[in-house]
Structure formats: structure tokens, C-alpha cells
Visitor: 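Take a look at the following structure, please.
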Amino acid sequence: MTATDLIWKKTACNLCYANCGLEVQTEGQSITKVRGDRAHPRSRGYLCQKASAISHYQSHKQRLSSPLRRRVDGTFEEVTWDTALGEIAEKLLAIGADHGPRSLGFYGGGGQGNHSGGGYGINMMRALGATDFYSSLAQEKSGRFLVNGEMFGTQNCNQTILTEDADLMIVLGGSIWQAQCEPHARTHLRHASNDEARKIIVIDPVRTKDAEFADLHLQLKPGTDTYLLGAMLKLLMDRDGFDQQFIETHTVGWQDIRDDIKRIPASAWIAHCDVPYEKVEQAVDMIIEAEAMTMRSELGIEMGKNSTLNSYLGNLLFLLTGNFGRPGTHAIHSWLQPLFGNSKGATSLVTGMKEIAGLYPPNRFPAEILTEKEDRLRAVIVDSSNPANSTADTQMTEAAFRALELLVVVDVAMSETAMLADYVLPASSQFEKHEFTLFTFAFPTNYFHVRQPLFEPLEGTRTEPEIYADLADRLGLLPPDDVIEDLRQLAASDRLAFSKSFGALMQQDKRYAGTAPIILYLTLGKTLANGAASAVILWPACHRLAGREAKAVQKALGTKSEGPLLGEELFETILNSHSGTAFTIHEYEDIWRMLGHKDQKIRLALPELQAWLGRLDPADDQVDADFPFTVSLGQRRQYNVNQIIRSPKWRPKELDGTLRLHPDELTKLGASDGGWITVTTRRGKLTARAEADDSLRPGYATLPHGYGMLYPLENGEMVQIGPRINMLTASDDCDPITDTPYHKNVAASLSVATNEEAALGEDASNKVMSWVSAAE
Ligand SMILES: Nc1nc2c(c(=O)[nH]1)N[C@H]1C(S)=C(S)[C@@H](COP(=O)(O)OP(=O)(O)OC[C@H]3O[C@@H](n4cnc5c(=O)[nH]c(N)nc54)[C@H](O)[C@@H]3O)O[C@H]1N2
Ligand SMILES: Nc1nc2c(c(=O)[nH]1)N[C@H]1C(S)=C(S)[C@@H](COP(=O)(O)OP(=O)(O)OC[C@H]3O[C@@H](n4cnc5c(=O)[nH]c(N)nc54)[C@H](O)[C@@H]3O)O[C@H]1N2
Ligand code: SF4
Ligand SMILES: [Mo]
């Protein structure tokens, strides 16, 4: 080890979208020590127990280091980059020519820690004429995007919560302790809990760790949030709890929704939720008494029944009570570069589903392939996503991937999706390239962090921009070499002159609109210091923001520069702030101007959702006698992180990914704690190890997210580790407007596993455990 290895290098955690700043020590190509980066302006040294696990993302047995091509017998052979990219380009062109550009699609483009590559890949596909882009975001947040679009004016008017100054914090179907999602999440919980003046309400069928901190826990029947939210709105109305002045000043449509709320049969709906009426009254009183309230809503309602309607009612709750646009409430925030778009109602060719925020929902992905229609999807690039495990209905998703004429997977690891690919392209890891995320949701100060690489790329790998630039060239989507060379030279000598020439090229030839990021990468990008070429995609974003939000940018940078100079200063600051930096500091009054509606007023009336509210009837919500349990599929726990860490070595304590259920239910089933239970749904079945957990309501069970990977043991044997939960979910068990899956409320039957099933589970578990123990 050399002295330089002991230096603390700056980076960020890629295990959840809080993306806390880190300092790490390295040895060779591995990360050996991790601590919080106190200089990171947003996370200020905060991190959670998961951060040290990033070494298992960086180094493990399934890292890819060569392009792979599928053989006819299904096995893979290593091929050169030249062969792989040449053949992929040829096939993309042929499929596009034979069946039209809408037969080409793209899935993913970024995970919890990486968004630098997606812009290159998606735009390259756009340049080929593709319009079908799928993302995991569209299996969780589409309802929210749609509702925000209608209420605030554009689908990327993204609301954020200002928890630090709130005296009431509602956690609605989220697990702050386990899932985090913003830096200091646990600190907020602790502070609010220790402060007499601050209150916490948790709405969750599980007595979560958050609920233990709470002043009030509404442990409702799973899937009944819509009724609870409706009833709370009605009680608030009855008690004069709405902020009429806010409603009059900042909103439109109150007259159109008033009667919808008035009609809500609060008692009957609360009874349906199975929470005491007095507790709901208490919650309503706490909301009325609060000076400033935030409501953090997550997958518990977004992947719960009536997902989009939940998002609408949730928004109404904080808006009608005037908890928006002030410290400690809700706000919308600026973007350096929006993470998602604003759709104008395009629909897909096969199933006619709506594009929302520029994305199509994974739940419809298999159906867009498994059809005889000419326009079906035939060639797909998957980047930074593992849909074979993370999309609903694993069986159908795998069948769809197999039915493609071309599947290309760009990943750092041999994922279950890569295992189905025609070509697998090895990407450099997030610690081997410049990287950033667009999870920049803070207000009034918002932050951006471009992470410098810790390592040279692992031999044989390439960064995504390199991959897409090479592919775009082979696809004939780039200007001639001499044009690129001239632009590069201009960028090196005079950036403003470059800006003009680049703009002129884009005007002159519209074909290059899609590959503009790649052209920037090959020209201006190559002139950036320290090899930061991939971050060039932020350059136009910096200029746009400096034009749109000059004052807020100036304040963040402490500068008086204007126009293009301000854009350049922002770009340079972002590139050179290794711990991240503030990019805007807003005034609260800016919020109204940032709304998408020109009159700066929020729309309250959404007819489609009002009609849905009017149709709600607890009688329609009956238990299916064949599947009497509700299983929540994809619980966030101490030891899971999406599909980001594949090696089981980091979690010997929670190796199996247990099925948690109330001890009384175990007794009723005649099952034992630690024994094996088979879970059967309308779609499929699996066997999991049981774990007694009295924090769950009877009739309710949970399985964890982030398991079910196939991993090779020392002898090369592939073992599936933990439950592959989407074997249990059906694509059509989803929201009727946005197709968001109802993963948190899946109807199931549970039974003690047969001897054979239990033996299989026990055998896999023992094999992995003895390998993990030996390796330690
Ligand atoms: N440890 C860990 N953290 C993560 C991740 C991870 O894999 N592991 N993944 C990251 C990602 S991608 C995301 S999107 C976030 C998700 O973060 P969260 O949404 O906070 O996590 P979940 O555990 O999926 O669900 C949240 C809560 O919803 C509750 N819930 C279930 N059904 C219902 C219901 O019907 N009504 C209500 N009100 N609540 C219900 C669950 O009990 C749970 O406490 O986490 C991020 N952080
Ligand atoms: N049943 C059920 N299903 C769920 C959920 C649930 O709660 N229940 N949660 C859903 C949610 S909220 C989400 S966000 C999704 C997450 O699921 P996915 O969209 O599949 O995303 P991740 O698991 O974050 O990461 C996927 C892949 O990115 C790869 N990767 C990591 N770094 C890089 C890189 O630098 N470059 C490239 N090219 N690849 C990289 C990883 O190796 C991994 O294969 O799962 C969803 N699926
Ligand atoms: S809160 Fe999220 S980003 Fe921060 S250390 Fe934990 S897992 Fe990593
Ligand atoms: Mo997510």
C-alpha cells in the first residue's frame, strides 16, 4: 500500500437517492474505508449504516470486464468492443429500417447514484426516431408527476418538503428510518421526537421505527389510504380547518371540489380503514394546530391501491390547509437539469398507454413486445436497470426480453437482465468515472454534486458516454470528423465562440438534435480539465438555468456575473466543487413564478380524479377468499439497496430476505419462526423463510426489496439469494390511469412450505451462508 492510498478521497453514496457526500480510502481498485464528508454542503457529514457497503458495489464476482455476445446455445462469449458495437449498430439500423423507429426502445438510464450516462443513451435513441422510454421512476412516481402537472402546471414542477422547520411531520406510507431518501432523515426524526413543540404522525400498516418516534400512529388496514385521506379532508372541512385565505390567493377551482369533499362519508370510510375514529380526529386536530406541516409520502401510497388518487388527495391535504410556499411546509424547487420531462399526451402504439413525464410505465413494457403487431418493440437497450427482477411479473418480463430481436444491456454487473441479453456491454463503475445524480430536490438552497472518479476504469470497461459516442458514430448519427475536430479546437480556445458555432450547427441540421449531447462530449467535453468530458451534458443546463434563474444562481455563487458569463461560472463551479455546491438560493416568493401556470395559481379541480373519488366505495374493496392475506412486496430494510449490491457478503445478518408476519399468524398457520412458508398469488408462488414480527397487523406480511439475485459461489455454482418478489406480481394489478403497480398490497395465500420446498430453501441458504462465513 502506498501513502496516497491512505488519502481520503471525495465521492458520494450511490445506495439511495439521498446521495450523501462521502470520503473514502482506497486500495487498488477497492474501497477500504468510508466516512461522511463534512464539507458536503447538503449532507454535512451525515450517512447511514449502508454507506460502508459501497465497497460491495465496486468489487465483487459479477463485475463485467468484457463485452459479451450470446451464442446460439445461450452461453456467452467475450468479443471485442469493435465487434460488439459494430454488430449492435448494424442490427439497430436493420430493425429500424424494416419496422420503423418505434420498434426501438430504451429502458433505464440511471439508478440511485448515476444519471450522467442516461442523457447520452436516450438522446442517441431519439436521434434514431425512437420514442419509447421506460424507467423505474414510472413504476413509482407517475401518479405524482401527473397530479403535479395538472395542479402546478408542468409534470416536472416537483414538490419538495421543508422538514427542518416543520412543527408537524406526517409520514404517509414511507419509512424514513429505513429508506432515508434525503440526507439527515434520521436526524429529523430524532429531533422532532425529542422536541415537545414538534409532532410526528405516521400512517402505516406497520409499526415502523418511524412510528416508534411518532406522537400518533394510524396503523390502518393496508390499501385504505384513499379512504383515510378522504375522511381527513372531510373532517378538516367540518372543523373549518382549511386555510381560506391561501385558497383564495393561490388557487383556482375550490368551488368545483368543495362538494366532492362535503359528500365524503367520513365515519364509514374511517371504519373501513380500521383505525379508531378518535385517532383520526386527533390527527386532524394536530394538522389544524400546526403552524407548518410537511407530509412525506412514498411508496406505501404510490405503490398502494388507487395510487394516483392518493397523490391527488395528499396534495389537497397540504394545499387546502395552506401548507405550501412557506418555511416548514411544501415547495417546488429549481432544477439544474430536470430528472424527468413534461409530456403532452403521447401514447404508445400497442397498448395505448399514456406517456407521463417523458416516460412509459414498466408495467406495460412486456405487453408492448409480446404481440403480433407490426409496431411492437423489437430492439431495446437497457442501461442501469435490472427489470428482470425489478419490473412486475418477472415471468412475463423475461418472456418479453426473450421475444426481442435485439436486447443490449449496459451494466457494471452480470444482472438477471444481462443474462438474457444478446450483447452485454461492461460499464465502468460509478467510482471509475465522473458521475452525478439529478435527485436535487432542495429548497430554498439547492445543491449539485459532480463526483470525481476514485479509480481508473476497470480494464475492459467503458463509460456510458464513450459507449454511446462510439455507437452513434457507427449509426451515422454524427457530423463528419473534420466538423467535430474544428469544434473541439474552437472549444479549447474560445468557449463563447464555440457556443455560437455549436448553436449554428444545431440550427443548420436538425438531425443532430438527438446526438447534441454526444457532439458536445466529443468537442467541448474533451477540452475539460481532469477528464470530466461526461459532465459536459451539464454545460447547456448551466446556461439555461443562469438565463432563467439568474438572481438565485448569483446568490448561490456569490457573484455579480450575468448572461453567458454566469452560465460559465456556474459550470466551472460545479465541475470544481469536489464536495458539491449550492447552485441556486431562492426567495420563497420565487415559488409562485416557478409554477407552470401563467396566472401563478394552483389548480385544485382535476375532473378525472374527482370522478374517481366519487366512485369510491368500501364495498368494492373486499378480501378475496382464495387470497386472504395482503403481502407488501418490496419493503425497505436495514440490508437492502435495490439491485445495486449483488454480493451476499454484505448482509450475513439478513441473508435470506425473510417473510415477516405477525407471530399469531405463524401460530395459526402452524408454521415456526425461521421455518419456510410458501406465498401464492394470482400470478405465481415462492418460498421464503418466516420471521415473526409483531409490528405487523394480523393478515399482513412483508417481503423485502432487493433480493432474488443469482450469484456464483466459490465453486461457480449459481445460487438464487432470497425471494425474487416480482414472481408474485401481475402486470395488470396497477393503477388505471398511470399503470403504477400496486406492489404494496398484493393479495396472497400463505401456507407452510412442503418438505421439498423447505429443503430447497434451506439448502440454498446454507450454501450461501457457509460461503459467506468462509470468505469473511
Ligand atoms: N434500505 C433501503 N433504502 C432504500 C431503498 C432500498 O432498497 N433499501 N430503495 C430506495 C428507493 S428506489 C426508494 S423508491 C425508496 C422507497 O422508500 P419507501 O417508500 O419509504 O419504502 P418502502 O419500504 O417501499 O415503503 C414505505 C412504507 O410504506 C408502508 N406501506 C405498505 N403498504 C402501505 C399502505 O397500504 N398504506 C400506507 N400508508 N403505507 C403502506 C410500508 O410499511 C413501509 O413502511 O427507498 C430508497 N431507499
Ligand atoms: N415488487 C417490487 N418491485 C419494485 C419495487 C418494490 O418496492 N416492489 N421498487 C421499485 C423501485 S421504487 C425502483 S427505483 C426499482 C429499482 O430497480 P432498477 O430499475 O432495476 O434499478 P436498481 O436496482 O437501482 O439498479 C439496477 C442496475 O444498475 C446497475 N448499475 C449500477 N451502477 C451502474 C453504472 O454506473 N452504469 C450502468 N450502466 N449500470 C449500473 C446495477 O448493476 C443494476 O443491475 O425497483 C422497483 N421494483
Ligand atoms: S442515507 Fe442513502 S445516500 Fe446516505 S449514506 Fe445512507 S444509503 Fe447512502
Ligand atoms: Mo425507487
Side-chain angles (χ1 to χ4, degrees), residues 11-22 34-37 40 42-43 45-54 57 111-113 135-141 170-187 201-211 217-229 273 275 296-307 310 314 385 390 437 439 449 630-645 651 654 660 693 695-697 700-707 725 742-746:
T11 184
C13 179
N14 64 339
L15 299 181
C16 89
Y17 60 85
N19 300 129
C20 301
L22 298 182
V34 176
R35 69 181 186 195
D37 179 6
H40 191 281
R42 177 136 162 83
S43 63
Y46 177 86
L47 42 78
C48 79
Q49 85 291 345
K50 287 182 299 227
S52 59
I54 58 169
Y57 158 80
Q112 299 293 290
S135 157
S136 281
L137 266 181
Q139 59 175 318
E140 45 176 329
K141 308 288 177 208
I170 300 183
V171 187
L172 172 62
S175 164
I176 294 185
W177 191 264
Q178 295 300 6
Q180 306 272 340
C181 304
E182 59 171 343
H184 306 283
R186 290 183 176 180
T187 324
I201 301 174
V202 168
I203 303 174
D204 199 305
V206 181
R207 193 180 67 249
T208 55
K209 184 87 177 162
D210 302 16
H217 177 203
L218 303 179
Q219 193 168 5
L220 79 180
K221 189 161 82 187
T224 59
D225 302 77
T226 332
Y227 297 94
L228 182 68
L229 288 167
C273 303
V275 283
R296 158 118 174 235
S297 45
E298 295 282 344
L299 301 185
I301 62 149
E302 291 163 353
M303 285 187 176
K305 284 185 190 154
N306 310 320
S307 162
N310 292 339
S385 191
S390 61
T437 76
F439 297 124
H449 188 187
T630 301
V631 183
S632 178
L633 291 170
Q635 191 182 36
R636 270 61 183 171
R637 295 182 181 171
Q638 186 89 352
Y639 288 99
N640 55 11
V641 281
N642 290 11
Q643 301 276 313
I644 304 167
I645 296 183
R651 53 182 173 194
E654 292 192 12
R660 292 184 180 161
D693 183 347
S695 70
L696 296 175
R697 287 176 57 105
Y700 187 53
T702 68
L703 278 168
H705 186 52
Y707 282 79
I725 53 175
Y742 287 169
H743 285 330
K744 301 296 156 178
N745 310 117
V746 177

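For this chain, numbers begin at 1 and follow the sequence in order. Just so you know, ligand 1 is whichever comes first in the structure, and atom 1 is the first atom listed for that ligand. As a basis for the values below, the full set of heavy atoms in this structure was taken, side chains included, without hydrogen atoms, waters or symmetry mates.
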Visitor: Heavy-atom contacts with T208 under 4.0 Å: which atoms of ligand 1 show up? List them by number with element.
Guide: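 Taking each heavy atom of T208 in turn, ligand 1 has 44 (O) under 4.0 Å.
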
Visitor: For the residue pair Y17 and F439, does the interplanar ring angle fall in the parallel (under 30°), tilted (30 to 60°) or perpendicular (over 60°) class?
Guide: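 Correct class here is tilted.
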
Visitor: Near V206, which atoms of ligand 1 are under 4.0 Å from a heavy atom of that residue?
Guide: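 Heavy-atom distances to V206 below 4.0 Å select 42 (O).
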
Visitor: What residue and atom, counting heavy atoms only, is the protein's closest point to atom 4 (Fe) of ligand 3, and at what distance?
Guide: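 Result: C20 SG, 2.4 Å.
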
Visitor: Measure from atom 2 (Fe) of ligand 3 to every heavy atom in C16, G36, P183 and give the option owning the shortest one.
Guide: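 Ranked by closest heavy atom to atom 2 (Fe) of ligand 3, first place is C16.
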
Visitor: Can you name the atoms of ligand 1, numbered from 1 with element, that are less than 4.0 Å from a heavy atom of S175?
Guide: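 Those qualifying, in numeric order: 20 (O), 26 (C), 44 (O).
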
Visitor: Strictly by modelled atom types, are Y46 and Q180 linked by a side-chain donor-acceptor pair under 3.5 Å?
Guide: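 On atom types as modelled, these side chains qualify, holding a pair under 3.5 Å.
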
Visitor: Is there a heavy atom in Y700 that sits closer than 4.0 Å to ligand 1?
Guide: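 Contact present.
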
Visitor: Return yes when at least one N/O/S atom of C48 is nearer than 2.8 Å to atom 4 (Fe) of ligand 3, and no when none is.
Guide: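 No, since none of the N, O or S atoms of C48 sits under 2.8 Å from atom 4 (Fe) of ligand 3.
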
Visitor: At a 4.0 Å cut-off, with the gap strictly under it, does some heavy atom of G223 reach an atom of ligand 1?
Guide: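 For ligand 1, residue contact (heavy atoms, under 4.0 Å) with G223 is present.
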
Visitor: Output the list of atoms in ligand 1 that are nearer than 4.0 Å to some heavy atom of L299, sorted by atom number.
Guide: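 The atoms of ligand 1 under 4.0 Å from a heavy atom of L299 are 14 (S), 16 (C), 19 (O), 24 (O).
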
Visitor: Any idea which atoms of ligand 1 are less than 4.0 Å away from a heavy-atom of C181?
Guide: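 Close to C181: 15 (C), 45 (O), 46 (C).
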
Visitor: Could you tell me which atoms of ligand 1, counted from 1 in the order shown, lie closer than 4.0 angstrom to a heavy atom of Q112?
Guide: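 Near Q112, the atoms of ligand 1 are 10 (C), 11 (C), 12 (S).
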
Visitor: Using a strict 4.0 Å threshold on nitrogen-to-oxygen distance, state whether R660 and E654 make a salt bridge.
Guide: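 Looking at R660 and E654, the cut-off is met.
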
Visitor: Indicate, as side chain, backbone, both or neither, the part of L22 found under 4.0 angstrom from ligand 3 when only non-hydrogen atoms are considered.
Guide: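 Contact part for L22 vs ligand 3: neither.
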
Visitor: Is Q638 in polar range of ligand 1, meaning some N or O pair under 3.5 Å apart?
Guide: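 By distance alone, the answer is no.
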
Visitor: Among all the protein's non-hydrogen atoms, which is closest to atom 8 (Fe) of ligand 3, and how far away is it?
Guide: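 Minimum-distance protein heavy atom for atom 8 (Fe) of ligand 3 reads C13 SG, 2.3 Å.
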
Visitor: Is N19 reaching over with its side chain to a backbone N or O of C13, donor-acceptor style, under 3.5 angstrom?
Guide: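 Yes.
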
